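Below: one structure, written as structure tokens.
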Amino acid sequence: MNRQHIIILGGGQAGLQAALSLRELGFSGTVSIITNEPGLPYQRPPLSKGYLLGKMRAGDLALRPADVLAQQNIALIAGEAISIDRRARQLALADGQRLTYDRLIIATGSRGRMCPLPGADLPGIYTLRSKADADALGAGLALLAQAGHKAPVLIMGGGFIGLEFAAVATESGFACTVVERGTRLLERALSPESAGYLQQYHEQRGVRFHLATQVAGFCAGEQGRVGSVRLTDGSTLAAQLVLVGIGGIANDELAAASGLACDNGIRVNACLQTSDDAIFAIGDCARAPHPLAPAGLRLESVGNAIDQGRLVAANVLGEGKVWQATPWFWSDQGREKIQMVGLGAACEQSVIRGEVGQGRFSVFCFQNEQLRAVESINRPVDHMMARKWLEQGLSPTLEQLADPNWDPKSLGKSSATPPVPG
């Protein structure tokens, strides 16, 4: 095995983690990361926050310095992969290189979803997934700032990326409007209690929300750039810069073209192996069965990238481990720190602990009287406690959580409910 060549296609968090974990597990063969972005693998979460605000420089984004990759003998190859020859086990690059692999790990990530609407090609309309996206968006904000007034910024989508950028836009002095097609914010991600609190937080900072409507088209303004948007409810909103934050699309086209099974992501088994035994897929581009979603789950998060990067390294080396890590996420929006663990989309009941009015609370989400997810806003202790519970299969009762005198530290002792199956 240590004479083999492992190629990792994609230089994001998942791909780099897989490479580092291979070395940690003692693999001494060749490890190459193929990336279509210049420079070192970098952090993406700061792109919608500190990087746009100028609080982080480009060099601060690097996940590891170049000397670490050199010490670990991890080759970083810049290039665009154009095809996978599964029979010959070769990866073809646009510059003519053909790289032979023994095992291939696909970690191509995802990209921002654009909208095929009239005027969508106007200058001033952006997505935000990569450093190149953030640089273009930052340049657009700088251009508006030169006008010397509160130029209107519009955000399509009331999800995490959109709300994080709304916090940046208002802090930078721009008038900001969010258009969300759902009846509330973060409909598929957070409980009504947490989402309602965050809407109120942003509204207090001047953000305006248009819910239950959508953008129908973009109209040109001065110098041919976007100047306004038309909504499906018939209204028109000024918008000299637009961020489209309506979800991501898995970068699975290359895998599909090679004949690998794909369905809103590259289909993998519980060991993260594709329909080809020599090829694995991880991170944003992979759709895998999970105890919480046997039909398949595609997660776009740093936590998932790290967990799957570690797991795939072990499995490439023959360990056969199953992906069952508890999902966890976070979002920083201005002063608000939101931390989530578990999956709460199907939850039927919830209990709040803490003080919503003071902006420090957690929502404990239940399904069939079992704890399935916890959302913590400015309550990091609750988040860490909940991660421990869910990882150990423990669940408090609704009555325990509703009792302000109940001590959460007692869970797992004599008062614990039986472990949650599955």
Side-chain angles (χ1 to χ4, degrees), residues 13-14 17 44-45 159-161 163-164 185-198 282-284 286 288-294 296-311 322-333 336-354 356 359-398 400-402 406-412 416-422:
Q13 182 94 52
Q17 183 63 59
R44 294 179 188 265
F160 289 121
I161 290 291
L163 295 180
E164 288 171 2
L185 302 178
L186 298 158
E187 205 159 20
R188 293 180 296 175
L190 285 184
S191 65
E193 296 89 346
S194 296
Y197 171 82
L198 290 173
I282 57 174
D284 291 10
H290 187 275
L292 297 177
L297 188 62
R298 187 175 73 85
L299 293 179
E300 298 180 2
S301 74
V302 169
N304 180 59
I306 293 171
D307 290 336
Q308 291 193 346
R310 289 171 174 161
L311 185 71
V322 172
W323 179 53
Q324 52 189 2
T326 302
W328 56 275
F329 319 85
W330 84 87
S331 174
D332 294 330
Q333 300 173 25
E336 306 299 317
K337 187 171 189 66
I338 305 98
Q339 295 170 288
M340 300 144 282
V341 59
L343 298 176
C347 290
E348 307 149 342
Q349 297 170 293
S350 62
V351 176
I352 297 176
R353 288 177 70 90
V356 177
R360 293 176 57 83
F361 66 97
S362 293
V363 181
F364 295 78
C365 305
F366 285 75
Q367 182 183 10
N368 298 326
E369 298 188 354
Q370 295 289 343
L371 184 68
R372 294 302 185 191
V374 179
E375 306 160 0
S376 299
I377 295 183
N378 302 315
R379 296 258 293 195
V381 173
D382 284 0
H383 174 72
M384 296 309 298
M385 175 182 66
R387 282 178 64 174
K388 180 179 178 181
W389 287 351
L390 291 175
E391 286 166 0
Q392 295 179 357
L394 298 174
S395 175
T397 65
L398 287 158
Q400 285 172 325
L401 285 171
W406 178 68
D407 182 7
K409 295 179 181 178
S410 66
L411 190 65
T417 60
V420 180

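No experiment lies behind these values; they were computed from the predicted model shown. The figures that follow rest on heavy atoms only: side chains count, while hydrogens, waters and symmetry mates do not.
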So, [X] side chain and [Y] main chain: donor-acceptor pair closer than 3.5 Å or not?
{"X": "Asp407", "Y": "Lys409", "value": "yes"}
{"X": "Glu336", "Y": "Gln333", "value": "no"}
{"X": "Gln17", "Y": "Arg310", "value": "no"}

As an exercise, state the distance from [atom1] of [X] to [atom2] of [Y], rounded to the nearest 0.5 Å.
{"X": "Glu375", "Y": "Gln339", "atom1": "CD", "atom2": "CD", "result": "12.0 Å"}
{"X": "Ile282", "Y": "Leu311", "atom1": "CD1", "atom2": "CG", "result": "9.5 Å"}
{"X": "Leu163", "Y": "Ile338", "atom1": "CG", "atom2": "CD1", "result": "8.0 Å"}
{"X": "Lys337", "Y": "Trp330", "atom1": "NZ", "atom2": "CH2", "result": "7.0 Å"}
{"X": "Gln13", "Y": "Ser301", "atom1": "CD", "atom2": "OG", "result": "9.5 Å"}
{"X": "Ile352", "Y": "Leu401", "atom1": "CD1", "atom2": "CG", "result": "11.5 Å"}

Quiz prompt | Set of residues satisfying ring-ring contact (aromatic ring centres under 6.0 Å, His included) with respect to Tyr197, sequence neighbours excluded | solution = Phe361
Quiz item: Taking only residues two or more places apart in sequence, or in another chain, which ones meet Trp323 in a ring-ring contact (aromatic ring centres under 6.0 Å, His included)?
Solution: His290
Taking all atoms of both residues into account, what is the closest heavy-atom pair of [X] and [Y], and its distance?
{"X": "Ser362", "Y": "Ser376", "answer": "OG-OG, 2.9 Å"}
{"X": "Ala189", "Y": "Phe160", "answer": "CB-CE1, 3.7 Å"}
{"X": "Ala195", "Y": "Leu185", "answer": "CB-O, 3.3 Å"}
{"X": "Val302", "Y": "Pro45", "answer": "CG2-CG, 3.5 Å"}
{"X": "Gly283", "Y": "Gln308", "answer": "N-OE1, 2.7 Å"}

Identify, with sequence neighbours excluded, every residue that meets side-chain contact (heavy atoms from CB on, under 4.5 Å) alongside [X].
{"X": "Leu390", "answer": "Thr326, Val341, Leu371"}
{"X": "Lys388", "answer": "Gln392"}
{"X": "Ala373", "answer": "Cys365"}
{"X": "Pro408", "answer": "Arg353, Met385, Trp389, Trp406"}

I'd like to check the side chain to side chain donor-acceptor pair (under 3.5 Å) partners of [X]; sequence neighbours left out, ordered by chain and number.
{"X": "Glu164", "value": "Ser48, Lys49, Ser331"}
{"X": "Glu193", "value": "Ser191, Ser350"}
{"X": "Arg379", "value": "Asp382"}
{"X": "Glu187", "value": "Thr183"}

Quiz item: Do the non-hydrogen side-chain atoms of Glu348 and Asn368 ever get within less than 4.5 Å of each other?
Solution: yes
Quiz item: Given side chains that start at C-beta, do those of Thr397 and Phe366 come closer than 4.5 Å, heavy atoms only?
Solution: no
Exercise. Answer yes or no: are there more than 12 heavy-atom neighbours, outside Glu391 itself, under 6.0 Å from its atom CD?
Key: yes
Quiz item: Among all residues two or more places apart in sequence or in another chain, which pass the salt bridge (Lys or Arg N to Asp or Glu O under 4.0 Å) test with Glu300?
Solution: Arg129, Arg298
Quiz prompt | Residues forming a salt bridge (Lys or Arg N to Asp or Glu O under 4.0 Å) with Asp307, sequence neighbours excluded | solution = none
Quiz prompt | Test side chain to side chain contact (heavy atoms under 4.5 Å, CB included) applied to Phe329 and Leu343, step by step | solution = CA-CA 10 Å; Phe329 319 85; Leu343 298 176; 4.2 Å; yes
